[in-house]
There are 2 protein chains.
Amino acid sequence: MDKQFKINAFRTGLAKFVTFEESEWEILTQYLSFSTLKKKEHFVVEGKVCDYIAFIIQGAVRHYHVKDGQEITGYFCFENELVSAYKSFVKRVPSTNFIQALEETQLVLIAYADLQKMLNHPLLALKMERFGRLVAEYYICCFEDRLNAFVTQSPEERYTVLEKTAKDIFQRVPQHYIANFLGITPVSLSRIRKRTLILKD
Amino acid sequence: MDKQFKINAFRTGLAKFVTFEESEWEILTQYLSFSTLKKKEHFVVEGKVCDYIAFIIQGAVRHYHVKDGQEITGYFCFENELVSAYKSFVKRVPSTNFIQALEETQLVLIAYADLQKMLNHPLLALKMERFGRLVAEYYICCFEDRLNAFVTQSPEERYTVLEKTAKDIFQRVPQHYIANFLGITPVSLSRIRKRTLILKD
DNA sequence: TTTAATCCTTATCTTTTGTTAACGTTTTCA
DNA sequence: TGAAAACGTTAACAAAAGATAAGGATTAAA
């Protein structure tokens, strides 16, 4: 997987937010860097300011907290998605969680400092501000849905919805991570699965 | 409370995102409108596209869903905050929830169509894109915290945190709304309060 | 001011979840 | 390849939450 392939995939992935002119793209690509995470390698660690936002070319990561010595997985990201510890990245404060590769993961990176340069670059500023706005709006919509699920649905309902809308996640992510993601314990998810399986007959 | 007072309060409230030059402000203020919601009046109703984003000069609102004929309150907004059904507003899709005034509420409004005009206005575009980005980033951070609370904390812990960080909300909002906000039933919140009260001795 | 509606608490009972531990299977890696 | 770690299920018990209903207090409205 060569660099040009990654750059092209990145450009395609950004198309749902903004499309860059050739001249703009030439500037932007100068600020990109690349990284490969091995399985279990960390992209973000607790206590450190997150300095990058990344686009996932290939692979998957999980966000997790450590509470009472236990890991609690709060979110997943897969290929063609952006990933960062947003609050840490945006506000320049230490991250409260880890982000770790679930598989070998290919990333295109934009450093915070470089993003600021682009936001101040006369030929790029407007497009980059729009890009940032649209990305943030996109995640607001995702988070709004996820928050609504916690407020209005039971764990079992959240599981059922996930099983319908993103079945493939169960083939790709250990079930006890998914349990945390749904706001419950692995044991409880196992019971819910048994319950709902019987109902399917 | 006259219009000029509201405009000034609005400007002050936006200062944490961007500060507008006089020339910019003159243009922007031409796109503002104003509204007063009586208690229980709706700012957004389910099924309709939300056409406004609003700044709360005075008052309070709640977001709620209707599920099985029951209202479930998911979020509150108070003075000096922005309020909208973001997903509906941004994506131009029907809102899945209601937003209703908890008290008489004074709003400064920006219509979606006018916001687009400003985003395309040569003298305003850059500043407005930035404004939009920073607002969206701000809410991402809020939502991230709230999501983490649902994943990593028990209902009792969420209550305890709220009681420590926003005690005043209990003086202002009916407790059964707060219960929903915490992801539990009013009966359960009442029990948690009793439990934690005893522990305080 | 009287009536109705809203709200919080409490009690009872049911259901669900959390906790801990055991077991067998699969995966990892030394 | 062989030992260790990771994973999912199940069981048993405790703790918490949901559902329903009743009672009393406060608030709103006719």
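Side-chain atoms are counted along with the backbone in the values below, which use heavy atoms only and exclude waters and symmetry mates. Below, read A as the first sequence line, B as the second, and so on, with proteins coming before strands; counting in each chain starts at 1. Note that the structure is a prediction, hence the values are computed from the model and not measured.
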Find the distance B:Q171:CD to D:dT27:P and express it as a whole number of Å. 13 Å

Looking at side-chain heavy atoms only, is the closest gap between B:V173 and B:L102 below 4.5 Å? yes

For each nucleotide in nucleotides 7-14 of chain C, reading 5' to 3', give B when a protein heavy atom comes within less than 4.0 Å of its base, S when such contact involves only the sugar-phosphate, and - otherwise. SSSBBB--

DNA chain D nearest-nucleotide lookup for B:S154 and B:K39: closer to the 5′ end is B:S154

Using atom CD1 of B:I184 as one end and atom P of C:dT17 as the other, report the distance to the nearest whole Å. 15 Å

N/O (side chain, B:T185) to phosphate O (OP1/OP2, D:dA17) under 4.0 Å: no

Check whether any side-chain nitrogen or oxygen of A:R195 sits under 4.0 Å from OP1 or OP2 of C:dT17, and answer yes or no. yes

Identify which nucleotide among C:dT17, D:dG18, D:dA17 has an atom closest to any side-chain atom of B:I192, counting heavy atoms from C-beta outward. D:dA17

Identify the heavy atoms of B:Y52 and B:L109 that sit nearest to each other, and give their distance. CD2-CB, 3.9 Å

Atom OH in A:Y75, atom SG in A:C142: separation rounded to 0.5 Å? 5.0 Å

Nearest-Å distance for atom pair NZ/P, residues B:K38 and D:dA28: 16 Å

Heavy-atom neighbours of B:E26 CD exceed 12 at 6.0 Å: no

Rounded distance (Å) that lies between atom C1' of C:dT6 and atom CD of B:Q100: 14 Å

Report, as yes or no, whether the 6.0 Å neighbourhood of atom CD on B:Q70 holds more than 12 heavy atoms from other residues, nucleotides or ligands. no

Verdict with supporting geometry, A:F20 and A:L14, side-chain contact (heavy atoms from CB on, under 4.5 Å): CA-CA 9 Å; A:F20 290 91; A:L14 297 193; 3.9 Å; yes

Does a donor on one side chain sit under 3.5 Å from an acceptor on the other, for A:K6 and A:Q106? yes

Expressed in angstrom and rounded to an integer, what is the separation of A:F170 atom CZ from D:dC7 atom C1'? 15 Å

To the nearest Å, how far apart are B:E156 CD and C:dT17 C1'? 15 Å

Take atom CG of B:L102 and atom P of D:dT27, then tell me their distance rounded to the nearest Å. 16 Å

How long is the line joining CD1 of A:I178 and P of D:dC7, in whole Å? 12 Å

